[in-house]
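Hydrogens, waters and symmetry mates play no part in the numbers below; they use all other heavy atoms, side chains included. As the structure lists them, so they are numbered: ligands from 1, and atoms in each ligand from 1.
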Amino acid sequence: MKNHIFDTQSRFLRYVRVDTQSDPNAETFPSTEKQKNLAQLLVEELLEMGISDAHLDEFGYVYATIPSNSPKKVATICFCSHLDTSPDCSGANVKPIVHHDWDGKDIILPEDPTQIIKLTEHPDLEAQIGNDIITASGTTLLGADNKAGIAEIMSAAAFLQKNPQIKHGAIKILFTPDEEVGRGTEKVDLEKLGADFAYTMDGESLGTLEDETFSADGVSLIIKGVSTHPGFAFGKLENALKIAGDILATLPKHSLSPETTQGMEGFIHPTQISGIQEEVKLDFIIRDFSVSGLIEKETLLQNICQEVLKRYPHSQVDFRVTEQYRNMKEILNQYPEVSNYALEAIEKCGIKAEKRSIRGGTDGSRLSFMGLPCPNIFAGEHAFHSKLEWVSVEDMETASQVIINLVQIWEQKA
Ligand SMILES: [Zn+2]
């Protein structure tokens, strides 16, 4: 038996058994009431630890405070994870399995032996040989996204409660519903939370810190053609469906698409089309790490429309841009200490810290723009939103240690 001082494993096993799947089609908030079952359990556990203001609000958010024990004026730091699991894969009746001292062999999930976790397909498993790996049983996701983060924050909180000699400023704990359906920050009360800076514990690989996300716009093209009876169309009809087809066919084929880009490259991505010969609506998402990159791509798309319209002189295209979200780095650059302290806290665990960027948006990017700068620290979750999801107990323990290191660094530098 290994010495796991934070006891992340038993907490994690308890939390993943509670079904908290969110629902993208619901209009209620939270999108599913069952998320409150986990929220309620967490409140009870926080109260048991002696964190006396822990509570659940009507929207399913959990708020709690570990008061400062430092004579210094220290910034108030929040740790945040989400309660819900992805709608992409069942989260009901999760039966977690601990694979002790994993030997590197394929992990065949017993309830569906076609679900196999292989070292060759999960490069991060290379470093996990000898560790305790937790998986689901083959018919559901595991829910390490983001119950690993919750277990790490809860374990760190319990550790701080038992070790008052560890000096820290005020620490806020925030658990949010509906992250997976893009609504996690919709009803959050930042004034009540009262934090200066925050960290989501929702990243993948050990040692990583994500302080950069895509910037995102939506573009809708309203294509207005010239409609006639097809029997009397000679020389007159300009079919909006064909105009849309020409625009799509003119998009770059070997670049600027999700399927041809990676790393720091952005893209123009058609997502939906609807209409008739008279009028077509064609939707795109535009992604880049900088606003200038977004504008470049939107200009390119506009030029493509102009080019195509030369062949349809009586038609027109309305070009509508909607801002979706922005790269959190724009905000985090104003507070370099937030990321720097996190990197320092990771390295203090004796592991290599690595900055990464996210090809997507996070609750942290939204929180950053709402006034709470919030990069993302690793939680150890892997292959999330799938039946092959896994996490190691060792990575969760290290993530809890990062939290402990981080609150001390904020106190020491204050
Ligand atoms: Zn997540």
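- Put simply, Asp202 gets within reach of the Zn ion (ligand 1), with an N, O or S atom under 2.8 Å from it.
- Within His82, the N, O or S atom at minimum distance from the Zn ion (ligand 1) carries the name NE2.
- Between Trp390 and His382, the ring planes are parallel. Angles under 30° get that label, and only those over 60° would be called perpendicular.
- Between the Zn ion (ligand 1) and the N, O or S atoms of Asp145, the shortest distance is to OD1.
- Salt bridge annotation for Lys95-Glu111: present, with a cationic side-chain nitrogen under 4.0 angstrom from a carboxylate oxygen.
- For the pair Asp318 and Lys281, the salt-bridge criterion is not met [side-chain N within less than 4.0 Å of a carboxylate O].
- Using a 3.5 Å distance cut-off with no hydrogens or angles, the side chains of Ser400 and Glu152 do not pair a donor with an acceptor.
- The Zn ion (ligand 1) has no N, O or S atom of Glu179 under 2.8 Å away, backbone or side chain.
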